Structures are given as C-alpha cells and as structure tokens.
Amino acid sequence: MESGSLLRLLLDLSLAVSRSATSEEALTTILRSFCTAGGWSVGQVWIPDEHDRFLECSPVWHQASPGNEAFHEASASVRFTRGMPVLGEVWVNPEVQWLDDIASDASQFHRSQSAAEAGLRTALMVPVTSDARVIAILEFFTGDSRPVDVGAQKLLMAVAAQLGAQMAKQQAEWDLRRSEALFRAVADTATDAIITIDANGDIQYANPQSSHMFDHDVQALVGSPVAVIIPERLRSAHWKGFARYLETEEPRIVGTTVVVPALRRDGSEFPAELSLAAWKVDEEQSFTAIVRDVSERERVLEELERSLADERETAARLIELDHLKNTIMDTVSHDLRSPLAAIRAVAGVLKRDAHSPTLSPQQRQEHLAGLESSAEKMRRLLDDLLDLERLTSDPLPLRRRDTNLVELVRAVVLEHAEALTGRQVDLDLAPVKADVDAPKVERIVENLLLNAVRHTPPGTNIRVSLTATDHAAVISVEDAGPGIPDDVRDKVFERFYQVAGKHGSGTGLGLSLVARLADLHGGRAWVESSAAGGALFKVELPFKGAPND
C-alpha cells in the first residue's frame, strides 16, 4: 500500500474511532476501511465472552464480495477456547497471524471447507489488546494467495492499538503519541499536501508536497495563517466556520471530504480535495488537512460527463429512430393500404366503364370524388410521416420572421374550406404578430382544424381564437364534440395515439406534430374541456420580444 494511501487510511480510521459512540461502530468502520484499502474480501471480529472462557464471532463484519454470508454463518456457529488453532493461539499469544494458504493447513483451520467454498485463501488475524489483555481479534480474508505483508501487519497493529485505546481510555495518551509519530513518518513522503493547524488558525506543520502544491516555501507556510491558501472571497466563511467549531465542536466540514477552491502564491486557484480531521493533545485543539490537487481529475470527469451525456443522447436518438422506423412501417402497411385499396377498386370500375359504359355521370363523379378523397388521405399521411421523420432525426432550424398570425389563420381556414364544409367556423382573432416559422405554424393550425373535423359530426361549430399574453401568442381551436377524457389528455400528443371516434379516423400523427412544432418554437400544446363539453386545444408560441400589434 502506498504511503499516501496508508496515511489517508490511518487518519480516516483515527477520526472515525475517536468519534465512534460505541466499540461496534468503531469496529465496523475499521473492517470496512481496511478491506476497501487492502483489497480484503471479508473482515470480521472475534470477542471473548463476558466470563473470558471462549471467543465468539461478533455480528459486526464486512463483506466486499457477494457469497460470503455462508462463511460468516459458519464462523458464527463456532467457538474457540484458549490454545485452539488458530484464533485460540492468537488469544494466548497476541501476535498477528498471517496464513497465506488456508487449504495447505486445513487441519489447523477449522473452517477450511466453508472458506474454500467461499473462495477464501489467505487469512490475517490481528489481536486488539488493552492492558496486555486481548479484548478482540480482527480477522481478514481474501481469495488471493498473499505472502506476508509487513506493511499491512504494521498498519493493522496501529489500528488495533488505536481501537484498544478507544475501548480502554487508560492507553489514550500512548496511542495518540504513536499515531502522531506515524503521521510524521509518513507525511514527509506523502504525495498529498498535509497541513496541521492550531486553534488560532495558524499553520504549525506543512509537509514538502505543500510547498510544491501552493508554491510557498515550507518555512514561509509554517507560522502563517491558513488563509494564505484560501481564496479571499471564501475567507470570511472559513473563519466563521472555524470559530463555530471551536465553540460547539459541531462538525460540518470536519470529518468529511469536500472539493474546494485553493489559492497558490501567484493568486491562481485550483480545485482541491480537502479532508479535514480535528484532534486534541492535552486539551489543545488542532486540525489536520490533507489536500489533493484534483485539477486533472475534474477536467477528465467533466469530459467524461460530456461524453456520457452525448452517448446517452445518441443512444436515445437511435432507439427513438428505430422505434419510429418500426411504427412508420406499421403505418405504411396498415393505414396506406386502405386508401390504396379504395383507389385500385375505383380505378378498376372506371376502367371497365371506359370500355363498356354502365355508370351514370353522377356515379362517375362520385367515384372520382372517392379517388380524390383517398389520394388526399394518402398525401396527408405521407406528409405527416415525412414531417415526423424530419423532426425526429435531424430537425431543421426555425426560419423565423415577423408574421401576422391573423392573416395566417384566415389563410389556413380558407384553404381547407372544403374539408370544413357542413361546419360553422367562428373566428375570434385578436391582432397579433409574432416572430415564428410561418409554414410550421400553418401546419399547427391545419392539424388542429382537421382534428376537430375528424372528431365532430357535421353541423358542429368550430371556434378558432387568437389571443396574446405578455410573453406569447395563443392559438385555440374549440369544438362542441364529445371531448377528450381526462385520463388520456396527456397521451393525445403522443405519436400514433388515436382517440376512438365515430366521425372520422386519423393516424395519430397530427397532434404529435402540433406538440413537436410548438416545442421547437419554445412553446407548448395542451388540451382542456370546452365550455360546451367538447375539446379545447391550445398552442402557446412565445414572442422573441414584446408583442407587436
């Protein structure tokens, strides 16, 4: 384990143990942290019973890999007396035991079969003592075959000593001195900046990496206020938080890892990962800060996040396009087939009549009208499919221009006068101009009108309104038909969703295009119930500036 990682782990464990309310909480933290840092798969604790007669496996344990529950259950079913291999021997002779191959000495390791089933091979046992009495034994396992690691043994003994001190306050001073010595030994070679601050906020110690990171000589840093490495805009908040902790000892940043701006001597800033711990010696409050320059990491993370966002967007687009392809094929095979069959049938009748006239002029006119109607239905379906494909795959930018919406709406109504035959169309158009893509807004009005025709019987009134709010133009198309049920109002704007009706059928594309075109303008489309119980469709198109009447 690298010295920087070793130091970070020891500081984190020291802080966790000092703040733990119970020994179980401290043990849980130690097992998790050591397993994570050292790559151990399982960590568990053995505790002497209250009469000091046997060791039993504590409920406190840590697993880094799935499938280790059975091994822990096997451990929980076993008790060790003094002198039994191997834990009983550690109990009698409290020294670290490292078994680099459990299977090679199965007779000495009682749980070798369950360990093999869990894929565990190397075992490490560390006694925790207080006043020469074993109060716990820490046991770690991994599936790797590991030779004895002297560094790991020292780390475990240090952790065990600190834990013993927490459980038995008589050794607190000794453990603190030992931890400080280890801190000093490792800090000088750490790759992170390590700074110790006193209760006045002055730097008492700075390791060599601090000089490189902050561009200050170590001699200049020591004795200076810690504010010299804090951007000026953050200093007031720093001193307030510092004073609050000294008064209340309520941790906010203390005991956590945060990324904050840090200041170099030349005034430049960089993102720094800060881990701050608080500790006392002889009631004197001190703080240790571990600082890591994460400029490169933050840059890579930003690039990665952008790449992931682009990939997610691309994947979503591909899925949407694939779905669109499938639905278009379904639509082409189904909805185009009906008008095409009608065209072929009528064409056959007219062809036969051309050779052997049997139809009256009126019948021919009716057949021709049917041809025209079927062809128009196919044209509209193809137009809708092409528009939908363009808007989904690669929507063209809006070609905005100042548009008189009153003239636009009137022109659309006039163009579709034949489709509106038999219905009274009332226009209530306030004088509104807006900066919009006129052809796309024409499609909005056209689809709303034809939607009203399809879902209302002949003789039904249709009301088209044009109003303006402070920020947008609002186009409304209201009918007195059966209306839209509340539970499907959000669905009617989905592609290929069709509301069952008695007076006509659509493809389920018109309203989805309305919503998409409104969205391209930065607006929205929605439906309400009209006063007469029918449907009231509204489209809001934001002005780029103030309304121009």
Side-chain angles (χ1 to χ4, degrees), residues 309-310 313 316-317 320-321 324 379-380 382-417 419-420 425-453 462-479 484 489-490 492-495 506 508-528 530 535-549:
D310 291 342
E313 183 178 352
R317 178 62 61 83
E320 185 178 10
L321 289 175
L324 178 61
R379 182 197 68 79
R380 286 196 49 77
L382 289 173
D383 284 348
D384 286 346
L385 287 172
L386 291 173
D387 285 347
L388 183 62
E389 191 278 332
R390 283 193 293 267
L391 291 172
T392 302
S393 60
D394 188 19
L396 296 175
L398 294 178
R399 299 181 181 275
R400 292 180 180 270
R401 60 184 175 85
D402 191 35
T403 302
N404 186 325
L405 295 182
V406 175
E407 294 179 357
L408 183 149
V409 172
R410 288 186 185 277
V412 173
V413 172
L414 183 61
E415 180 182 354
H416 293 83
L420 296 168
V425 179
D426 298 326
L427 300 181
D428 182 12
L429 308 178
V432 179
K433 290 184 178 181
D435 195 24
V436 296
D437 187 323
K440 290 181 172 58
V441 177
E442 288 174 357
R443 290 284 277 154
I444 290 174
V445 178
E446 175 186 22
N447 284 345
L448 290 178
L449 280 173
L450 296 181
N451 179 73
V453 170
I462 298 174
R463 181 182 179 84
V464 182
S465 302
L466 178 62
T467 59
T469 66
D470 291 339
H471 65 281
V474 180
I475 300 171
S476 304
V477 176
E478 179 181 5
D479 62 60
I484 305 294
R489 287 186 180 176
D490 292 334
V492 296
F493 295 102
E494 296 177 2
R495 289 180 308 194
L509 294 176
L511 291 179
S512 67
L513 286 172
V514 168
R516 187 71 180 95
L517 293 171
D519 182 66
L520 284 177
H521 282 82
R524 64 190 182 102
W526 72 98
V527 61
E528 302 172 356
S530 69
L536 172 59
F537 286 88
K538 292 186 177 183
V539 174
E540 183 180 72
L541 302 173
F543 298 114
K544 293 196 69 175
N548 182 9
D549 296 339

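Just so it is clear, the model here is predicted, and its values are computed rather than measured.
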What are the two closest non-hydrogen atoms of [X] and [Y], and how far apart are they?
X    : Y    : value
L398 : L520 : CD1-O, 3.2 Å
F493 : L511 : CD2-O, 3.4 Å
A473 : V432 : CB-CG1, 3.8 Å
A535 : I484 : CB-CG1, 3.9 Å
A518 : V539 : CB-CG1, 3.8 Å
S465 : L429 : C-CD2, 4.1 Å

Is the backbone of D479 close enough, under 3.5 Å, to the side chain of S530 for a donor and an acceptor to pair up by distance?
->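 Present.
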Between the main-chain N or O of D435 and the side-chain N or O of D402, is there a donor-acceptor pair closer than 3.5 Å?
->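 Checking the backbone N and O of D435 against the side chain of D402, no donor-acceptor pair under 3.5 Å is found.
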Listed partners of E528 passing salt bridge (Lys or Arg N to Asp or Glu O under 4.0 Å), at least two apart |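 If we apply the salt bridge (Lys or Arg N to Asp or Glu O under 4.0 Å) test to E528, skipping adjacent residues, the hits are K538.
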Partners passing salt bridge (Lys or Arg N to Asp or Glu O under 4.0 Å) against E540 (at least two apart in sequence or in another chain) |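 Here the qualifying residues are R524.
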E442 and E415: CA distance, side-chain angles, deciding distance, side chain to side chain contact (heavy atoms under 4.5 Å, CB included) verdict | CA-CA 11 Å; E442 288 174 357; E415 180 182 354; 5.8 Å; no
State which residues pass side chain to side chain donor-acceptor pair (under 3.5 Å) with N404; sequence neighbours excluded, sorted by chain then number.
->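 Side chain to side chain donor-acceptor pair (under 3.5 Å) check on N404 returns nothing, list empty.
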Nearest-0.5 Å distance that lies between atom CG in L536 and atom CD in E478 |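 If we round to the nearest 0.5 Å, L536:CG and E478:CD are 5.0 Å apart.
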Rounded to the nearest 0.5 Å, what separation is found between the CZ atom of R443 and the CG atom of L448?
->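 Going from the CZ atom of R443 to the CG atom of L448 covers 11.5 Å.
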Any chance you could lay out the salt bridge (Lys or Arg N to Asp or Glu O under 4.0 Å) test for E407 and R410, step after step, and finish with the verdict?
-> CA-CA 5 Å; E407 294 179 357; R410 288 186 185 277; over 6 Å; no
So which of V477, L414, L420 actually passes side-chain contact (heavy atoms from CB on, under 4.5 Å) with V425?
->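 Going through V477, L414, L420 one by one, the side-chain contact (heavy atoms from CB on, under 4.5 Å) with V425 is satisfied by L420 alone.
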Option among L517, I475, T403 that satisfies the side-chain contact (heavy atoms from CB on, under 4.5 Å) test with V441 =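 Only one option passes, and that is I475.
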Just wondering, do R400 and H521 contact through their side chains at under 4.5 Å, heavy atoms?
->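 Yes. Closest side-chain heavy atoms under 4.5 Å.
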